[in-house]
Amino acid sequence: MEKTPIRDLKQHVGEVVKLQGWLQTLRDQKSMQFLILRDRTGLVQIAHWKKGNPELAELISTLGTESALTVTGKVVENEVVRLGGIEVQLESLVVENKAEIPLPFDPFAETLPDQDYRLDWRFLDLRRERNRLIFEVQTTLEAAMREYWLENGFIEMHSPKIMGAPSESGAELFSLKYFDTTAYLAQSPQFYKQMAMAAGYEKVFEIGPVFRADPSFTSRHMTEFTGVDFEISWIDSHEDVMSFAERWLAHVYKRVQEKHGEAIKAVFNVDLQVPELPFPRLTMAEAYQILKDQGYKLPPERKGDLDPGAERALGAYVKEKTGNDFVFVKDWPFTVRPFYHMLHEDNPTLTKSFDLLGRGLEITTGAQREHRYEVLKNQALEKGLTLPPIQNYLNYFRYGCPPHGGLGLGLSRLLMVILDLPNIREAVYLFRGPNRLEP
RNA sequence: GGGGGCGUGGUGUAGUGGUCGAACAUGUGGCCCUGUCAAGGCCAAGAUCGCGGGUUCAAAUCCCGUCGCUCCCGCCA
């Protein structure tokens, strides 16, 4: 017999069906047993008249909640049953895998243990509908990203995650033993996607793991996360990158809204709206003026940069003024940007770069890249880098590399913004941080 | 790396110098119960109050150290 999803039971009234799922609740009474069975699609009550099968009744009495079961029974309508007015009259039950008693914690209890404890037992925590929805949304989100890229002629890349030389800063790299030498885990596909520009691919994207050896203890940092990157050629400026990015994100929102809008409202109480285009844009200079007017005091040592409090303040300001959750902050000083960001011709202290804030959270950094070999070398030297370690990278710009730019986006951070999650540990399947390597 | 907060039965909390022989909820075990549905009723077990040291007649409670967690800052996506 084929298994029937619990959601579809209404169409099978009067039939004997096979159900497979987890025992969420057992109400064991003198003459009746009621089992609430859960699968991915819903909950249903299974009724068992004990005298009809005393041996089975005995077995059921020993079952712990969250045991994995296969049951068969007849679907009947019954107005008395509060759970959908439908129940299944038990005919057979197989315990595929019993749940030991007691459970480390009950995922369906009114009060849940600390998040850290739940992370120790992540597979149980993931049984909650809320958590499954997060990853259903993530799936739709990635599919929508790809859909938009493919419609626009992008090529997908898979760049290596093991690198021979520290590329950008070096400070945040994990190193590992690699036969007789030392290798590093990629902290971004930045150089590799630029190589694709030099290769003439024009538009590329990659969704893949990124590693950062930052001992950061915050609600929004991880040592391993999924980076979403794209890069496009023949642009005039970073404005072209922002313009593509906002249309791309609006498409993603549209797809997520279509597919999960109702569930997101029900579970997260978030009324998901496709953001209006174009996203508001502020230059850093404008951002500073707004912060000043708002009375936000930026620490003096942060000149030219924004701290998280300033980002939240800007996000709140833009939301109030325009209703948009997103805002681009552009034209950052070269002092706080990497060497490969292109400078403005009319103001060489500023870069053609931007951050994208979503609900005041930094989810993206992007820029037009400097593609002129001599200029790029000088900028590297100005940042105090030595050229030999990056010569392979620099070579991309010696034999016909088009002007280009792109961005990197944190997948889990975008999920935090979409679902209004307070902590990135919720937005990722398995969290990796300075003190978390298991499970 | 710097700063703040927290650590009490399996889990979530209360208790902040003596009334604590540590309370409540939930879970667990047992008994009872016209079909229950956040089931209900009765009973029981379960905590050397993170760990170590100190102050005090007296410490879950105050102090010091340590470990763990957490949030903020730094850094970033």
Side-chain angles (χ1 to χ4, degrees), chain A residues 24-36 43-50 61-62 64-66 76 78-87 89 99-121 124-125 168-169 171-172 187-190 207-229 298-299 301-302 305-312 336-338 355-358 361-366 407-417 422-425 427-428 433-436:
Chain A
Q24 182 150 326
T25 304
L26 172 63
R27 300 193 192 100
D28 198 349
Q29 302 195 100
K30 183 155 194 183
S31 59
M32 294 290 297
Q33 288 170 323
F34 299 97
L35 299 79
I36 306 300
L43 297 169
V44 70
Q45 170 163 297
I46 317 275
H48 182 230
W49 182 56
K50 287 169 127 177
S61 290
T62 67
T65 53
E66 293 304 309
V76 297
N78 185 346
E79 283 180 13
V80 177
V81 179
R82 289 191 204 160
L83 193 57
I86 208 170
E87 73 180 355
Q89 295 173 336
E100 291 178 29
I101 298 171
L103 292 164
F105 74 97
D106 176 1
F108 299 93
E110 287 172 62
T111 56
L112 291 167
D114 283 347
Q115 184 174 59
D116 187 62
Y117 182 82
R118 297 203 314 270
L119 290 185
D120 289 338
W121 296 95
L124 285 178
D125 200 32
E168 296 184 39
S169 65
E172 59 196 20
Q187 94 287 37
S188 117
Q190 182 58 38
I207 299 178
V210 171
F211 304 91
R212 303 276 166 94
D214 288 320
S216 290
F217 299 92
T218 75
S219 57
R220 61 188 184 280
H221 284 87
M222 302 189 275
T223 49
E224 175 180 349
F225 63 92
T226 301
V228 178
D229 278 82
L298 201 67
E301 69 275 13
R302 303 278 308 202
D305 208 345
L306 296 175
D307 66 9
E311 291 174 346
R312 288 191 290 269
V336 298
R337 290 302 207 186
D355 276 9
L356 177 61
L357 308 181
L361 176 68
E362 185 178 334
I363 61 170
T364 281
T365 295
L407 62 75
L409 174 147
L411 180 64
S412 300
R413 285 196 177 181
L414 179 58
L415 270 174
M416 286 174 76
V417 172
N423 195 306
I424 204 161
R425 294 166 179 85
V428 67
N435 295 327
R436 175 64 74 173

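Convention: sequence-line order gives letters A, B, ...; per-chain numbering from 1. Note that the coordinates shown come from a computational prediction; the quantities given were computed from them, not determined experimentally.
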Watson-Crick or G-U wobble partner for A44(B), using a 3.5 Å limit on both distances? U28(B)
Quick check on C73(B): is either OP1 or OP2 less than 4.0 Å from any side-chain nitrogen or oxygen of Arg312(A)? yes
What contact category does Phe105(A) fall into here, base, sugar-phosphate, or nothing, at under 4.0 angstrom with non-hydrogen atoms? nothing
If we call it a pair only when both distances are under 3.5 Å in a Watson-Crick or G-U wobble match, what pairs with A14(B)? none
Verify the contact: side-chain N or O of Asn435(A) to OP1 or OP2 of C69(B), cut-off strictly under 4.0 Å; return yes or no. yes
Any side-chain N or O of Asn423(A) under 4.0 Å from OP1/OP2 of C71(B)? yes
Euclidean distance for P, G50(B) against G12(B) (whole angstrom): 13 Å
Using a 4.0 Å heavy-atom cut-off, does Glu224(A) contact any base of the nucleic acid, only the sugar-phosphate backbone, or nothing at all? nothing
Can you check the distance between G17(B) and C73(B), where both ends of the measurement are the P atom (answer in whole Å)? 34 Å
Under 4.0 Å, counting only non-hydrogen atoms across every strand here, what does Thr226(A) touch: a base, just sugar-phosphate, or nothing? nothing
Across the strands shown, which category fits Arg436(A) at heavy-atom distances under 4.0 angstrom: base, sugar-phosphate, nothing? nothing
Using purine N1 to pyrimidine N3 plus N6-O4 or O6-N4 for Watson-Crick, or N1-O2 and O6-N3 for G-U wobble, both under 3.5 Å, which nucleotide pairs with C69(B)? G5(B)
What's Pro102(A) touching, base or sugar-phosphate or nothing? Going by heavy atoms closer than 4.0 Å. nothing
Distance check needed: G27(B) C1' versus Leu26(A) CG, whole Å only. 14 Å
Counting any heavy atom closer than 4.0 Å, what does Asp106(A) reach on the DNA or RNA strands: base, sugar-phosphate only, or nothing? nothing
For C62(B), what is the paired nucleotide under Watson-Crick or G-U wobble rules, both distances under 3.5 Å? G54(B)
Distance between P atoms of C24(B) and C32(B) (Å, rounded): 26 Å
Measure the distance from CG on Asp114(A) to P on U70(B) and round it to the nearest whole Å. 8 Å
Using a heavy-atom cut-off of under 4.0 Å over every strand shown, decide if Ser216(A) touches base, sugar-phosphate, or nothing. base
Watson-Crick or G-U wobble mate for A38(B), both contacts under 3.5 Å: none
Rounded distance in Å - CZ (Arg118(A)) to C1' (U70(B)): 13 Å
How does each nucleotide of nucleotides 33-40 of chain B score, in 5' to 3' order, for protein heavy atoms under 4.0 Å: base (B), sugar-phosphate only (S), or none (-)? BSBBBBB-
Go ahead and name the base partner of G74(B); Watson-Crick or wobble counts if both distances stay under 3.5 Å, otherwise write none. none
